[in-house]
There are 2 protein chains.
Amino acid sequence: MLSGKFAITIHILTLLNKFPNDYLSSEYIAGSINLNPVLVRKEIANLKAHHIVESKEGKNGGTKLAVDSSKLTLKEIFEMTFETINLGYAKNQPNPDCPVGKKINENLDALYADMNQKVSTQLQGISLEDFSNQF
Amino acid sequence: MLSGKFAITIHILTLLNKFPNDYLSSEYIAGSINLNPVLVRKEIANLKAHHIVESKEGKNGGTKLAVDSSKLTLKEIFEMTFETINLGYAKNQPNPDCPVGKKINENLDALYADMNQKVSTQLQGISLEDFSNQF
DNA sequence: CATACTGTAATAAAATATGTTACAAATGTA
DNA sequence: TACATTTGTAACATATTTTATTACAGTATG
C-alpha cells in the first residue's frame, strides 16, 4: 500500500515546476529519478487523470504542469498517490467469534482516520511551489 | 517497511490485557488474529526484547503482559514495530548531478520528520488500556 | 518519410511479506 | 520418570507486491 508513488510523483512535479515552459520527456525525468521511463509515464498518466499535467505526444513531446504550483498542495498529491496513511492491518480476517478479533479492524480504522486527519492538515499547508523552492 | 506488524502487535497486547492473569499461548492468540502461531511468537519475541511481556515455556506456558497497560502508549508500540512513518522514497538513488535529484531525499526526510512528530503526538495520547477499553 | 516522443500492454525479475515444517529445550503433571 | 504441551528459533517455501523490461502502435515535428 505504501510505495514510492508519492516520492516519484513529487519528484516529477518538482522538475516540471522548475521548467514551467518546457515539455519534459519521460526519459529526461527518469534520468533524474533514476527510474525506468515507463514507470515515469505511468505516474504521469495518473497526474493527467487528475488534470495536474498535460502531455504532448510525438517528436519534442513531453509533459508540463497544467496548474498553478502555488495552488497545488502536497495533500492533493498525497491523495492522488496514496489511499490513506496507516500502520497496517493483519492480513487475514480476524476471528469474528473473538471480541477482540471482531472489532480490531474497526478500532484500527478509527485510529488511522485520526492520523490521516493530522497528516492531511500538515500536507495541506505546503504547496508544490513551497516544496520546489527548497531546491 | 510498512507491514502488519503494528496491527498484529496491538492485537496481541489487547488480548493479553483482557486476560491479565493468564499466560496465553501463541496458538490461542493466533486463533484470534487468524495468523500462523510462529508469526505470533516472532512478534512476541520483539515484545519480550522490549520487556513489555514475559513468557513461560513448557506446558501451560504462554505470554502475559509485564507492564501496566495504562502506562504503555501506542507511540511505544509504534516505535517497536515501525521505524518511522513516511510516504516512501524512490527506490533507486536519484541522479546527484540534477539539483532536484541531489536534494529530493533530504527534503522528503524533513517532510516525513514533521509527519512523525504529529503522529507521535497523537499516539502518545493513547494508552493500551484506552485502546483495549474500546472492545 | 525518418525521427522522437507518448501510451499502454504483456511479461519478467526482484524484493518483501507471510506461511510452514521441524525440532530442541523447557516445564507441568500423571 | 515418562508424557504432553508449549516456547524459541532456524530453515525453507509460497504468495504478493513492487519495480523493470520489452515491445509496439499511435502521434507530432521537421
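So that the names make sense, note that chain A is the first sequence line, chain B the second, and so on, each numbered from 1.
- Looking at B/Lys64, its side chain never comes within 3.5 Å of a backbone N or O of B/Asn21 through a donor-acceptor pair.
- Applying the side chain to side chain contact (heavy atoms under 4.5 Å, CB included) test between B/Leu16 and each of B/Ile29, B/Leu128, B/Ile44 identifies B/Ile29 as the sole match.
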Give me the distances for all protein-to-nucleotides 28-30 of chain D N/O pairs that come in under 3.5 Å?
from	atom 1	to	atom 2	distance (Å)
D/dA28	N3	A/Lys59	N	3.3

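- With A/Asn34 contributing its side chain and B/Gln93 its backbone, the two residues share a donor-acceptor pair below 3.5 Å.
- Side-chain atoms of A/Asn116 come within 3.5 Å of backbone N or O of A/Ile85 as a donor-acceptor pair.
- A donor-acceptor pair under 3.5 Å is absent between the side-chain atoms of B/Lys56 and the main chain of B/Tyr23, judged by distance alone.
- The distance from atom NZ of B/Lys42 to atom C1' of D/dT9 is 8 Å, rounded to the nearest whole Å.
- Rounded to whole Å, atom C1' of D/dT27 lies 13 Å from atom CZ of A/Arg41.
- In this structure, A/Lys48 atom NZ and D/dT27 atom P are separated by 12 Å, rounded to whole Å.
- Paired with B/Leu15 under the rule side chain to side chain contact (heavy atoms under 4.5 Å, CB included), one option of B/Leu24, B/Asp22, B/Leu65 passes, and it is B/Leu24.
- In this structure, B/Ile44 atom CD1 and D/dT6 atom P are separated by 13 Å, rounded to whole Å.
- A donor-acceptor pair is defined here as one N or O able to donate and one able to accept, closer than 3.5 Å; such a pair exists between the side chain of A/Glu76 and the backbone of A/Thr73.
- Protein atom CD of A/Glu43 is 12 Å distant from nucleotide atom C1' of D/dT18, rounded to whole Å.
- A heavy atom closer than 4.0 Å to some atom of DNA chain C occurs in no member of residues 14-27 of chain B.
- Between B/Ala90 and B/Ala45, the residue anchored nearer the 5' end of DNA chain D, judged by the nucleotide with its closest heavy atom, is B/Ala45.
- Between B/Phe131 and B/Phe135, the distance from one ring center to the other falls under 6.0 angstrom.
- As a whole-Å value, the separation of A/Tyr89 OH from C/dT18 C1' is 19 Å.
- Between A/Phe19 and A/Tyr28, the angle of the ring planes goes over 60°, which puts this pair in the perpendicular group of the 30/60° scheme.
- At a non-hydrogen distance threshold of 4.0 Å, B/Leu35, B/Asn36, B/Val38, B/Leu39 from residues 30-40 of chain B come into contact with DNA chain C.
- With salt bridges taken as basic N to acidic carboxylate O contacts below 4.0 Å, one links B/Glu43 and B/Lys5.
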> Does the side chain to side chain donor-acceptor pair (under 3.5 Å) test come out yes or no for B/Thr9 and B/Thr81, once each step is laid out?
Replying inline: CA-CA 8 Å; B/Thr9 297; B/Thr81 54; 5.4 Å; no
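- Separating the NZ atom of A/Lys64 from the P atom of C/dT6 is a distance of 15 Å, rounded to the nearest angstrom.
- Taking atom NZ of residue A/Lys5 and atom P of nucleotide D/dT17, one finds them 14 Å apart after rounding to whole Å.
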